[in-house]
Structures are given as structure tokens and as C-alpha cells.
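Okay, structure first, notes after.
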Amino acid sequence: MSEEKKSLNFIEHIIEEDLRNGFSTDDLRFRFPPEPNGYLHIGHASSICLNFGLGLTYNAPVNLRFDDTNPEKEEQEYVDAIKRDVSWLGFEWNHECYASDYFPHLYEWAVELIKQGKAYVDSQSSEEIAAQKGTPTTPGKESPYRNRLIEDNLDLFERMKNGEFEAGDQVLRAKIDMTSSNMLMRDPIMYRIMHKYHHRTANNWCIYPMYDWTHGESDYLEQVSHSFCTLEFAMHRELYDWFLDQVYDSEKIRPKQREFARRNLSHTVVSKRKLLQLVKEGHVTAWDDPRMPTISGLRRRGYTPNSIRNFADTIGIAKRENLIDVSLLEFCVREDLNKIAPRVMGVLDPVKVVITNYPEDGEEWLDAENNPEDEVMTYRKVPFSRELYIEKEDFREEANRKFFRLKLGGEVRLKNAYIIKAESCVKDENGNVTEIHCTYDEDSRSGSGTEASMRKVKGTLHWVSVAHAQEAEIRIYDRLFADAAPDSHKDKNFLEFINPDSLQVVTGYVEPSLASAKVGERFQFQRIGYFCVDKDTTNDQLVFNKTVGLRDTWAKLESK
RNA sequence: UGGCCUAUGGUGUAAUUGGUAACACAGCUGAUUUUGGUUCAGUCGUUCAAGGUUCGAGUCCUUGUAGGCCAACCA
């Protein structure tokens, strides 16, 4: 096997160049820094795969760091969910870190900055501060408190920490440049007062550091070498570097921030805020609703970690705007599931077939292939009897030769069983077919080796014996949004594009071997698609989620 | 009347750093098949524009054009 030379993305090029310039591989260290204010989604999966993937290729440690500087939005529930999702994706972090662990250190550094005259306490309201900030095209004005005495700043800042002020009364600002073309450099706020309970530090603090002041210093404290974030932070880089300059010791590793474009998936949204809205307003049942593009939703839908990693790998990392078609994600699950999912038979929209020349009380347990993709074929037993269910759409009274399925006077193979011929059908008063009467060729049993069993018939149908069928609730999902980019319309709310038919619940009949299926197990319902057992399954109710359909070239033909 | 970033088939991403534009998905043909699945073979189609440097430009330079981001005590 010759190893293909793998092409590198721009991030890997940056690392390779640093290595060429003398940076030691041993000093490489990465981090994945989620804010615990929501569940991880498919976009985060790209970032996770990037950072942890880099850790794997360079044998470097990767920290999981919670960016928990805003107690207003953050919760332990999200911390737990994030850890579960990263682990499930198959990655191991070196240290589990929290920005809140650095609060004391950050505070000391802030005091140092004040002493150096590089930070000051501003006693204005947020409105006043905003008014002085200027706009992208006009410079800002300096705060009247900008040149406060160092000892006054020290005193005020300590009193802020001690809880002597109400939220909003004071802030600590870095003294940089109110005329900078980069608005983030116009004396950015480092600390604000919040009398809020924090999920880790409880009520120990009533001042909380802002993102810019926290993030780079956290990277530095952890000695992260490369800090990757999304494009909207590109302008923050100048500030990131400025803050780093204030504390940097040249003996240590200086973290480097670089930005990549977030991945957008068609027919959904990847924004924690919007996903939260979908949950809160009840458009979906929960963060792990199988229609959600969250990691937990995809997991519940039946996606495999492997398929998501392959997807991330296939779409790559770059800096341009993008909208990745879901069909690529779907390809990745099918690719994986085709190899690993056991084949079973289930009928979702049943119509009864009666084999008139089969004994009334006859019953046979036939061998059925578990997965033709396996190197060594294994088999299970499926019951066959006189009355069966097949899919309604697999029968037509008459049809042209392109219809390979069952039609009056025509023959078809029942998968793993016999060749049958449709003789007549029974209809209700509305003309709907309620029963199809067939005869079977008793010499044609699959695998029997008889001449009749080798006969070529064009169509093969899946089926389930009525007497042995296991009833199951089947949840069939379609895209959550009808529009490819629901949140790209300036004049329309993304909710307007919700697909009202994204969930369809039907009662289906599956082969009895599925009675013992466990939550999370994945199967291919032959000729239909991939399904997995939902957590709502109980002892007397099986529930399946449809992960994705099989490629359906017949449906494509028909729609032409 | 600012600053930063980006532009490669329908979609996503590459191109040994200036040397034949390729890979995957999607589409289309056909073959195989006891899943209209899988597999296999084939096919369609690409460097934003205009100049410039060069023997040679997707890559470098200039000027445009288009799109994204920046005025939260969010991250």
C-alpha cells in the first residue's frame, strides 16, 4: 500500500512553516475552547476535528477549555453535554480547563496593567461609553476618566472586586487608542461587574473578565502554541496580541491566533443562538431532536462518529464563505453505515399479501444475510408464512416494464425467500388495494440451490410475516428547513423557512429479530434506508429514527 | 468616508509555493447485483475582471468588481 501524499490546508501550512523556522514539535499544543452556553453542532465538529486532529498528527496535547466568563448564559448542563459530545466523537483531551480557573491570575495581571498606567476604571454608563466609541469610519473620544490617578484606579478596581458597586457602575478598560481604525482597540473593556452566580466559582467573584482579556491569556497560561478560531475574530487578533504583549515572557511559548471560516450546512442553521431559539420556542423537541444539526441530534438520528469525522475531513478548512450541501453529510453516513449496519427487513407502509398455495398454518424460518459487505457472511432466521406485509408502493395492478416490482400476472423475488406471482387483488369501496393474492413457486427458495431458485427475476422485495411482525413506531425525518440557507435572507426570519413536514411518524412492521434491539443500535432496513433505535423505546414500544434513506435511483427516474 | 478578510466546476477543497488545474460530492451513461443499495467503468464541467512582470501566472504586482466581518459591560 503506497501512502498518498496528503495535501495540507492553510492551517497545516502555517504549522509546517513554523516547524521549518525552528519551532519545536514538542512545543506544539492546541485547544478546543467552547463557551458552555449551548450544545455543540456540526460546525463545532469541524473545529474539534481540526484541533484534535492536529493533536493526533503531531502527537501534541489538546486541551478542552471552557470559555466560561459570562455567568449569565453559561450552565453546567452545557459543560456536561460538550464533554459527552467531544468524547463521543472519539477524541481525548489532555487537560480539562476552565477560563474561570484563571480568574485570580487574570486579576493580578489586571492590577499590574493598572500600575503600568495601561488600564483604568471608567465610571461612565455603558451608553456614555458607547457614544464615545465612534463608528467604523469616525474615531472615538477619550473618556473623562481615562487619566485617573493610578492609586485611584487601584482602589476603585479593588472595590469593584469587593462588591462595593452595582452592576454597570464601573468597568475596567485597557488604555490603548480611541482613534484606532480597529474599534476593538478603542479602550476595550476588560472587566465588568456582575452579581451573578457562576457554575464553577459560585459567588466568589462579582467582576468577570471579558473574552478578549481572557482568551489570549488563557492560551498563554496553558502554553497553547496555535489558537484557531473563526473568521469573525480576525479583528480581535490585534487586541489578542496587545494583551499578550503586556504579560509575555520571551522564555515562554507565545500563542498565535489564526482564523478560519466557519462551516455552513445547507438546509439548517449553525448558530447556537438560533438553535436555542428552535428549542425554546418548541419548533423541535430538544437540543438532541434528530432534526437538529447538533452533535447530540445527529447521534440520536443514528449518525456515527466516524461519519462525522470523515465529513469534517472531506469539507476541509479554508477562509472563504461556504455553504456545504447536506447531501455530502448524507453521503458520509451512508458510506459508513453501508459497511457496518446489519440488514433487516421492515415494512413502513404495509399492504397484505396472501400466498394462496402456501399451507394455512405453514411456517418456515429462512436464512437471511446479515450484511453482504462483511467478509464472512453470517445469517439470521426470519419467519415466512402464508400472509405477509409488503410496501404498498411495491405493487401496481399494471405498470410498464420499467417497474420492476410486483404487478398482476408478474413475478417478483421475496428477499431471502421465494419467487411469487401476483394473481389478483382485493380492493375496498374506495378502490384501494387491501390484499394481494399471490402464488409462490415452492422450488424457488433462496439458497436452496434448485434450478428454480436460480431463476432471474427483475425485482426483489422486502417483506415481513404478518403473524410474526413486530410493530414499531418509525420516525421519518426530512430537512428542518425548506430553504438551503434559511438565515441568509436579510428581510426574512429564518423561522419562516421551517419545513412543516420535517417529522412524519408512522407505524411499521419489522422482523421479529428486532424485538431485542437496543437503544442506539443501527440497522439498514433493506431497500429503504438506515434506522436506529431511539431512546424513547420502551419494553412494549419499539421506536426507530430514520437516519437517512438509501440512494434511490428509482425515485429519481419516477420524478422525471 | 475607514479598516480587515475572501474570490478555483453546481457544491466543498487541493495544486510539490511561478511549471500539464486535480480530488470528493452532486448530475448524467452503461455494466454487475436475490437491496432500483453496494461495487465497477465512463461522462459533463473550473481559476471574478482588466492590465502588468515572466519563456511560463490559479499562484507575484497594480487597479477594479463582488461578497463577508467590525460601533455587545456576548463569545
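Hydrogens, waters and symmetry mates play no part in the numbers below; they use all other heavy atoms, side chains included. Just so we're on the same page: letters track the sequence lines, and every chain starts at 1.
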- Would you call B:U16 syn or anti, using the 90° rule around 0? anti

- Base B:G36 to side chain A:Arg405, donor-acceptor N/O within 3.5 Å cut-off: yes

Does OP1 or OP2 of [N] have a side-chain N or O of [X] closer than 4.0 Å?
X	N	answer
A:Lys73	B:A75	no
A:Arg334	B:U35	no
A:Arg237	B:C4	no
A:Lys141	B:A71	no
A:Arg343	B:G37	no
A:Lys458	B:U34	no
A:Lys319	B:U6	yes

Whole angstroms only, please: what is the [atom1]-[atom2] distance between [X] and [N]?
X	N	atom1	atom2	result
A:Asn322	B:G68	CG	C1'	11 Å
A:Leu184	B:A75	CG	C1'	12 Å
A:Phe32	B:A75	CZ	C1'	12 Å
A:Asp325	B:A24	CG	P	18 Å
A:Tyr208	B:C73	OH	P	18 Å

Counting side-chain heavy atoms from C-beta on, which of [options] comes nearest to [X]?
X	options	answer
A:Ala318	B:U35, B:A14, B:G3	B:A14
A:Asp552	B:G36, B:C74, B:G37	B:G36
A:Glu373	B:C4, B:G37, B:C28	B:G37
A:His236	B:G2, B:A75, B:U38	B:A75
A:Ser327	B:A15, B:C4, B:C25	B:C25

- Task: Evaluate whether atom NZ of A:Lys421 has more than 12 neighbouring non-hydrogen atoms of other residues, nucleotides or ligands under 6.0 angstrom away.
- Result: no

- Sidechain N-carboxylate O distance under 4.0 Å for A:Glu74, A:Arg200: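 No salt bridge links A:Glu74 with A:Arg200.
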
- Message: Please determine whether a side-chain nitrogen of the Lys or Arg among A:Arg186 and A:Asp177 lies less than 4.0 Å from a carboxylate oxygen of the Asp or Glu.
- Response: no

Integer angstrom distance from the [atom1] of [N] to that of [M]:
N	M	atom1	value
B:C73	B:G58	P	47 Å
B:U59	B:U53	P	15 Å
B:C40	B:A75	P	50 Å

- A:Arg148 to A:Tyr120 six-membered ring, cation-pi geometry met (6.0 Å, 45°):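 Cation-pi check for A:Arg148 and A:Tyr120: fails.
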
- Message: Quick check with a 6.0 Å cut-off and a 45 degree axis cone: is A:Lys161 positioned over the face of A:Tyr107's six-membered ring?
- Response: yes

- Query: Taking the nucleotide of RNA chain B with the closest heavy atom to each, which residue, A:Phe10 or A:Leu323, is nearer the 5' end?
  - Reply: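 Closer to the 5' end of RNA chain B: A:Leu323.
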
- Between A:Leu328 and A:Thr135, name the one whose nearest nucleotide on RNA chain B is closer to the 5' end.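 First, find each residue's nearest nucleotide; the 5'-ward one identifies A:Leu328.
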
- Item | B:C69 pairs with, by Watson-Crick or G-U criteria that keep both distances under 3.5 Å | B:G3

- Using only heavy-atom distances, determine whether the side chains of A:Gln257 and A:His236 contain a donor-acceptor pair under 3.5 Å. no

